[in-house]
Amino acid sequence: MNGFVQTALEAATAVLLLCGAVFCLLGGVGLVRFPDTVTRLQAAAKAQNLGLLLILIGAALRVPLPYAGLLLLIAVFQLTTVPVLGQIVGRIAYRTGAVERHTLTVDELARRLAPPDAPDTGEGGGGRGRET
């Protein structure tokens with residue numbers, strides 16, 4: 001029984017590490033291939049985050065328990081910082097004009113960032129923005 005459990009654990013570790021590596025690779029390809037800032041942020045935030053989590057879980061299966069706790073702490077830190085940094089970078093890109101606003105289906109920041117004396121165009125605010 002112990003040999004079977006050890007083999008199953010090694011197989012699960014191999015699958016998790018390989019899947020994590022594939023997601024990291026796809027995230028890197030997305031950063032290079034996608035055309036604009038918003039889609040590149042999507043590749044960086046989603047694929048890279050999932051890839052790293054799979055690698056951390058795969059590594060946690062093979063290390064002693066105290067080190068597995070450290071890997072869990074790294075995963076929690078990753079899950080809390082990546083969405084926040086993605087939001088900050090996305091907002092900076094929007095404000096500096098790096099985002100092509102005509103390609104957005106919903107533009108929720110248009111009304112919030114408009115000057116107070118600007119007329120309301122009906123865009124943003126949770127409704128549907130300009131559709132292309």
Side-chain angles (χ1 to χ4, degrees):
M1 179 78 173
N2 194 15
F4 176 74
V5 171
Q6 188 68 20
T7 304
L9 187 64
E10 288 177 2
T13 301
V15 168
L16 287 170
L17 290 175
L18 287 174
C19 288
V22 167
F23 273 103
C24 287
L25 177 67
L26 291 176
V29 169
L31 283 174
V32 173
R33 298 282 303 175
F34 285 153
D36 61 344
T37 306
V38 178
T39 54
R40 287 179 180 169
L41 278 174
Q42 181 77 7
K46 304 293 183 192
Q48 292 288 346
N49 209 9
L50 181 60
L52 179 68
L53 289 176
L54 289 174
I55 289 172
L56 289 174
I57 292 169
L61 292 175
R62 300 299 299 163
V63 298
L65 191 57
Y67 297 116
L70 182 62
L71 292 175
L72 176 66
L73 184 63
I74 293 170
V76 168
F77 182 71
Q78 180 79 8
L79 285 173
T80 56
T81 57
V82 168
V84 173
L85 290 174
Q87 178 74 16
I88 291 170
V89 171
R91 189 171 284 236
I92 289 171
Y94 184 88
R95 286 183 178 203
T96 59
V99 174
E100 298 175 10
R101 294 183 183 182
H102 69 278
T103 62
L104 299 176
T105 303
V106 177
D107 190 357
E108 295 177 357
L109 284 177
R111 186 180 300 165
R112 293 187 73 186
L113 297 179
D117 58 344
D120 187 16
T121 60
E123 296 176 2
R128 296 201 54 94
R130 287 178 258 169
E131 294 187 17
T132 58

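Contacts of Thr7 classified as side-chain contact (heavy atoms from CB on, under 4.5 Å), with partners at least two apart in sequence or in another chain: none. For Leu16, the side-chain contact (heavy atoms from CB on, under 4.5 Å) criterion is met by Leu54, Ile57, Leu61, not counting sequence neighbours. For Arg62, the side-chain contact (heavy atoms from CB on, under 4.5 Å) test picks out Gln6, Leu9, Glu10, Thr13, with sequence neighbours left out. For the side-chain contact (heavy atoms from CB on, under 4.5 Å) test, residues two or more places apart in sequence or in another chain that qualify with Thr39 are Phe34, Pro35, Asp36.
Heavy-atom minimum distance, Cys24 versus Leu52: SG-N, 3.9 Å. For the residue pair Ala43 and Leu31, the shortest heavy atom distance occurs at CB-N, 4.1 Å. Residues Ala68 and Ala60 approach most closely at CB-O, 3.9 Å, considering heavy atoms. For Leu17 against Ile55, the heavy-atom pair with the smallest separation is CD2-O, 3.6 Å.
Other residues sharing a hydrophobic cluster with Val84 under the 4.5 Å side-chain heavy-atom criterion for ILVMFWY residues are Ile88, Ile92. The hydrophobic side chain of Val82 is isolated, with no ILVMFWY side chain under 4.5 Å apart from it.
The distance from the CD atom of Gln78 to the CG atom of Leu73 is 12.0 Å, given to the nearest 0.5 Å. Between the CG atom of Asp107 and the CZ atom of Arg112 there is a distance of 12.0 Å, given to the nearest 0.5 Å. Here the OG1-CD distance, from Thr37 to Gln42, works out to 13.0 Å after rounding to the nearest 0.5 Å.
Criterion: ILVMFWY side-chain heavy atoms under 4.5 Å apart, direct or through other members. Under it, Ile74 and Tyr67 are part of a common hydrophobic cluster.
Side-chain atoms of Phe23 and Leu53, non-hydrogen and from C-beta on, never get closer than 4.5 Å to each other.
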